[in-house]
Amino acid sequence: MMNTLNTEKSAEKPFRKTGNPVELTSESPLHPRRKSRRIMVGSVPVGGGAPISVQSMTNTLTANVPATLQQIAELTAAGCDIVRVAVPSQDDADALPEICRKSPVPIIADIHFQSKYVFQAIDAGCAAVRVNPGNIRKFNEVGPSICKAATDAGISLRIGVNAGSLDKELYAKYGGPTPEALVASALKEAHMFEDVGFHDFKISVKHHDVITMVETYRLLASKGDWPLHLGVTEAGPAWQGTIKSCLAFGALLAEGIGDTIRVSLSAPPVEEVKVGCKLLEYMGLRPRKFDIISCPSCGRAQVDVIQLASAVTEGLKDVTAPIRVAVMGCIVNGPGEAREADLGVASGNGKGQIFIKGKVIETVPEDQIVDTLLTKAQEIAAQMEADGLVPVNATGPVVVPIQHPNR
């Protein structure tokens, strides 16, 4: 049974001494956010209605400090809020102080097997530590000391289980990594911490199967008020992992479940961040940034929409101002969609009508569409930057296919 006394008290606790205690909240337009207690990961609030944060993990050797810091900078520029680094060796642990000191975002140390690295990560100034009690040797003995060290340092922890690291006894009892088994494991770990008075942790219960993952988080969300870190583990290559993550995260976020996310892809970490940020934008959980709307390939199109959208996307890849550009290929939906965008083109009959804020400003030959759009987009972006309307950590474009309603 959940220790309701502990969770109710922890929900009333003030902010940790880490981070900014400003009362930041973010609501979903689809469903009220699940009520969870708030923890801090450095300056980033997690839970308690705080804006959902995007995480990723470096794939450099952590001991290679310049390479790791370079990748952290790239992730930050892409919109990442929190970065996790692997600490499998003593050399990696030794690199943490410099990384934490120079990183522009909070650092989480990823620790497995060796509890001594947990204490080193805390001493190094990490904003949080990811600890897997299931594979830390003699955790029952060292767990209370870890909690005390984290409390003294004012940092939070992440606990939880992946389908591949489920306790053997629970695996046998439930017949595999079922939602019930994963939640039972997570509850066991949570109570280990709460029983010694430590409450500043978030939980993840990740699985590679979308349906199992969603069912698991739903079940866990009903058991307590812990902040939840969403993840589809081993999601796969970029296209497959993106689909899995968007389906799973979308289902849960639409129900108000989830406080921080990581899109796990077999791809460069920056790609994880781009997908995560755009996912939150399209769910109405982050301010809209730069966006491209484009038609799918269609027999009605009178221009090569694929080539046109690709050329515009490439030409505007460095634009971060929150403008929406519509690239439309026929006269059925083209004019309407183009009028709804900040800037757009409705193409056909060898020419393109250029729209700005719903008004046709000029008609250009087909071979001038791309150059005209790029010029106008840069002008709009420059004006928005001059007016201070470009969000912090704004990201570049993502092509959004628009399906015709009569299909």
Side-chain angles (χ1 to χ4, degrees), residues 29 77-79 246 270 273-275 277-407:
C246 288
V270 166
V273 175
K274 290 179 180 178
V275 173
C277 288
K278 286 300 174 185
L279 171 63
L280 293 180
E281 286 180 39
Y282 298 150
M283 293 292 293
L285 290 162
R286 279 199 175 195
R288 178 175 64 85
K289 299 176 184 176
F290 185 53
D291 206 11
I292 293 182
I293 301 170
S294 66
C295 288
S297 56
C298 170
R300 292 193 301 269
Q302 296 178 338
V303 295
D304 186 339
V305 177
I306 298 174
Q307 187 277 331
L308 185 59
S310 296
V312 173
T313 301
E314 176 63 24
L316 299 178
K317 64 182 179 182
D318 296 324
V319 171
T320 58
I323 61 175
R324 177 170 287 149
V325 179
V327 179
M328 311 304 293
C330 79
I331 61 173
V332 176
N333 288 334
E337 292 290 352
R339 288 190 182 97
E340 291 299 314
D342 299 299
L343 170 67
V345 60
S347 307
N349 298 321
K351 57 188 178 182
Q353 288 186 316
I354 307 298
F355 292 79
I356 291 183
K357 298 293 185 181
K359 296 182 180 180
V360 178
I361 60 165
E362 64 180 303
T363 300
V364 299
E366 183 177 324
D367 61 1
Q368 296 179 23
I369 290 175
V370 172
D371 288 343
T372 302
L373 282 177
L374 297 184
T375 298
K376 297 300 181 184
Q378 294 288 359
E379 290 174 356
I380 295 172
Q383 186 60 55
M384 295 188 80
E385 290 178 2
D387 294 340
L389 300 177
V390 180
V392 176
N393 293 332
T395 53
V398 170
V399 174
V400 184
I402 295 296
Q403 189 64 274
H404 294 305
N406 59 344
R407 288 190 150 196

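Quick note: residue numbers are just sequence positions, from 1.
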With rounding to the nearest 0.5 Å, note down the distance linking [atom1] in [X] to [atom2] in [Y].
{"X": "Thr375", "Y": "Ile380", "atom1": "OG1", "atom2": "CD1", "value": "11.0 Å"}
{"X": "Ile361", "Y": "Ile356", "atom1": "CD1", "atom2": "CD1", "value": "3.5 Å"}
{"X": "Lys274", "Y": "Leu279", "atom1": "NZ", "atom2": "CG", "value": "16.0 Å"}
{"X": "Leu308", "Y": "Thr313", "atom1": "CG", "atom2": "OG1", "value": "9.0 Å"}
{"X": "Leu285", "Y": "Cys277", "atom1": "CG", "atom2": "SG", "value": "12.0 Å"}

> Which residues satisfy the salt bridge (charged side-chain N to carboxylate O under 4.0 Å, His left out) test with Glu385, sequence neighbours excluded?
Replying inline: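 Partners of Glu385 under the salt bridge (charged side-chain N to carboxylate O under 4.0 Å, His left out) test: none.
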> Quick one: does Ile323's side chain get under 4.5 Å of Leu343's, heavy atoms only?
Replying inline: no
>> Is any side-chain heavy atom of Lys357 closer than 4.5 Å to one of Asp342?
In response: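 Side chain of Asp342 against side chain of Lys357, heavy atoms only: contact under 4.5 Å found.
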> Residues two or more places apart in sequence or in another chain: which of them pass side-chain contact (heavy atoms from CB on, under 4.5 Å) with Pro365?
Replying inline: Asp367, Gln368
> Taking only residues two or more places apart in sequence, or in another chain, which ones meet Gln378 in a side-chain hydrogen bond (donor to acceptor under 3.5 Å, both in side chains)?
Replying inline: none
>> Suppose we screen for side-chain hydrogen bond (donor to acceptor under 3.5 Å, both in side chains). Which residues come up paired with Asp387, at least two apart in sequence or across chains?
In response: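 Asp387 satisfies side-chain hydrogen bond (donor to acceptor under 3.5 Å, both in side chains) with Gln383 only.
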>> Looking at every non-hydrogen atom in both residues, tell me the closest pair between Val319 and Ala381 and how far apart they are.
In response: CG1-CB, 3.9 Å
>> Please find the pair of heavy atoms, one from Ala321 and one from Phe290, that lie closest to each other, and give the distance.
In response: O-CB, 3.2 Å
> Any sub-3.5 Å donor-acceptor pair from Glu281's side-chain atoms to Lys289's backbone N or O?
Replying inline: yes
